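To start, the structure under review is shown below, and the notes come after it.
As the structure is a prediction and not an experimental result, all values here were calculated from the model.
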Amino acid sequence: MRKISYQIIVDKVSELCINANYELGQDVVNAFKEAVKIERSEIGRDVLNQLIANAEIAASERVPMCQDTGVAVFIVEVGQDIHIEGGTLNDAINEGVKKGYLEGYLRNSIVSHPLERKNTGDNTPAIIHIEFVPGNQLKIMMTAKGGGAENMSRMKMLKPSDGIEGVKDFIIETVRNAGPNACPPLVVGVGIGGNFEYCSYLAKKALFREVGKRSKPPEISALEVELLEEMNQLGIGPQGYGGSTTALDVKIEIAACHIAALPVAVNLNCHASRHKEAVL
Amino acid sequence: MSIKKIKLPFEDGIIETLKAGDRLLLTGTVFTARDAAHKRMFDTLEHGKTLPINVEGQVIYYVGPTPAMPGKVIGSAGPTTSGRMDKYTPRLLDLGLKGMIGKGYRSEAVIQSIIKNKAVYLGAIGGSAALLSKTIKSVEVVAYEDLGTEAIRKMEIVDFPVIVINDSDGNDLYKQGNEFTNKT
Ligand code: SF4
């Protein structure tokens with residue numbers, strides 16, 4: 001049984017929150033640079049260049065790239081042979097979020113009650129998903145998920161007879177419907193299968209994968225490429241001002257499901273696709 | 001494509017010359033307000049009271065900035081999704097508000113109100129908050145301080161980059177943009 005101290009987790013989480021908001025991943029920056037070369041609209045290229053400049057300023061001056069520093073969402077892989085000393089994992093993560101959002105001058109964007117809407121003042125509680133895995137390590141993956149793109153995300157229980165065409169239509173329709181609101185160019189996370197809640201989780205989980213990294217099953221990897229091409233023909237373009245770069249990538253996760261079900265979830269992410277991870 | 005330099009508040013006759021797709025650099029004063037401030041302003045008007053700021057002739061920027069780091073006037077400050085303010089916007093336009101800066105679609109009611117009141121809706125690039133902050137030179141909270149990031153602030157901006165989305169003639173960049181790409 002390996003021991004990991006509560007405080008080490010707090011400090012690491014705080015660091016992840018700050019770095020996710022200041023340093024856009026190289027995968028996303030590279031995708032911007034590739035997109036500028038092929039974007040057909042002049043305004044579109046202009047927007048992409050501004051996004052590259054923005055990411056550079058944020059990283060070099062150590063300031064948040066976007067004012068919406070998001071909901072802190074975590075997927076934590078807990079090795080079953082570890083023991084956390086000094087407190088619970090959930091408390092450690094929330095304390096880390098509080099610390100990171102305060103010390104990093106990040107915005108507090110969480111209200112404690114969905115209808116009364118009073119800001120909690122420290123960006124907690126975080127949303128935490130835990131998966132148990134073999135081994136004695138703790139892998140913490142964090143994303144700062146903005147509200148604009150999250151609001152345009154959708155989930156639907158399709159019928160098995162809707163088949164692959166039904167799935168594709170729903171995904172494309174979601175992107176079309178989001179238009180400029182989700183801050184395109186988008187990174188599109190898709191869950192297919194599972195059940196009502198697990199499907200949405202898969203869509204979120206897909207967003208944690210690097211831009212440009214394909215799904216393993218060959219038919220799913222091919223579907224990702226096909227959907228990306230189709231999205232980029234919608235004409236929405238960077239910021240919705242028109243153009244051929246509506247999405248930077250499409251990432252799909254699948255799972256087994258009930259004989260009567262075909263759940264599909266589309267979790268949109270804006271170009272500020274911020275995720276960082278650490279292994280303790 | 002040329003970029004026009006525009007003073008805020010708008011000088012007489014300028015709004016009518018702005019067309020969907022025009023790129024502008026704005027210099028002057030804007031007020032910030034987003035969800036909570038809009039709701040409060042709306043409720044204030046519903047109760048027959050006067051607003052804490054005079055919106056006549058002014059421009060509202062939909063933003064909730066990050067906290068300012070020591071020695072800076074403001075944190076990162078990019079636009080938020082405008083559609084959430086749609087419910088409240090026609091009322092403010094009827095009171096003389098002349099422009100809004102945000103991102104994303106407006107409702108048909110807002111678009112009609114923009115035409116009727118000879119106003120304009122401007123887009124700033126969502127997610128380019130670090131870059132936009134460099135054009136903000138001073139910031140002062142002028143109302144609803146208790147709302148924190150959602151308080152109403154008066155901002156002085158210099159060469160703040162925007163693009164015209166909905167102009168006073170009813171043109172819409174979001175529609176034009178899609179047509180443009182489908183043709184090419
Ligand atoms: S959708 Fe993303 S880029 Fe746009 S404002 Fe929200 S967090 Fe920022």
*Is it the backbone or the side chain of Arg274(A) that comes under 4.5 Å from a heavy atom of chain B, or both, or neither?*
neither

*Give a yes/no verdict on a cation-pi contact between Arg106(B) and Tyr121(B), requiring under 6.0 Å between NZ or CZ and the six-membered ring centre and an angle within 45° of the axis.*
yes

*Checking heavy atoms, do the side chain of Leu147(B), its backbone, both or neither come under 4.5 Å from chain A?*
neither

*For this output row, return yes or no: ring centroids of Phe31(B) and Tyr61(B) closer than 6.0 angstrom.*
no

*Under a 4.5 Å heavy-atom cut-off, does chain A meet the side chain of Ala20(B), its backbone, both or neither?*
neither

*asked:* Using a strict threshold of under 4.0 Å (side-chain N to carboxylate O), is an ion pair present between Lys168(A) and Glu226(A)?
replied: yes

*Heavy-atom pair count under 4.5 Å with chain B, highest-scoring of Gly121(A), Pro64(A), Gly148(A), Cys183(A)*: Pro64(A)

*Between Thr80(B), Val63(B), Leu131(B), which has the largest tally of heavy atom pairs under 4.5 Å with chain A?*
Leu131(B)

*Identify which part of Ala55(A) has an atom lying under 4.5 Å from any heavy atom of chain B, answering side chain, backbone, both or neither.*
neither

_Segment of Ser128(B) engaging chain A (4.5 angstrom heavy-atom cut-off)_ = both

*Is there a side-chain contact between Tyr22(A) and Met65(A) (heavy atoms, below 4.5 Å)?*
no

*asked:* Using heavy-atom distances under 4.5 Å, tell me whether Leu106(A) contacts chain B through its side chain, its backbone, both, or neither.
replied: backbone

*Spell out, as yes or no, whether a donor-acceptor pair under 3.5 Å connects the side chain of Asp68(A) to the backbone of Gly70(A).*
yes

*NZ or CZ of Arg40(B) within 45° of Tyr144(B) ring axis and under 6.0 Å*: yes

*What residue, out of Ala77(B), Gly104(B), Ser76(B), has the most heavy-atom pairs lying under 4.5 Å from chain A?*
Ser76(B)

*Whether over 12 other heavy atoms sit under 6.0 Å from Lys154(B) NZ*: no

*Heavy-atom distances under 4.5 Å only: say whether Ala272(A) touches chain B with side chain, backbone, both or neither.*
neither

_Interface residue of largest heavy-atom contact number with chain B, from Gly44(A), Ala58(A), Pro184(A), Cys66(A), under 4.5 Å_ = Cys66(A)

*asked:* Taking Asp43(B) first and then Lys39(B), would you say they form a salt bridge - that is, a charged N and a carboxylate O separated by under 4.0 Å?
replied: yes

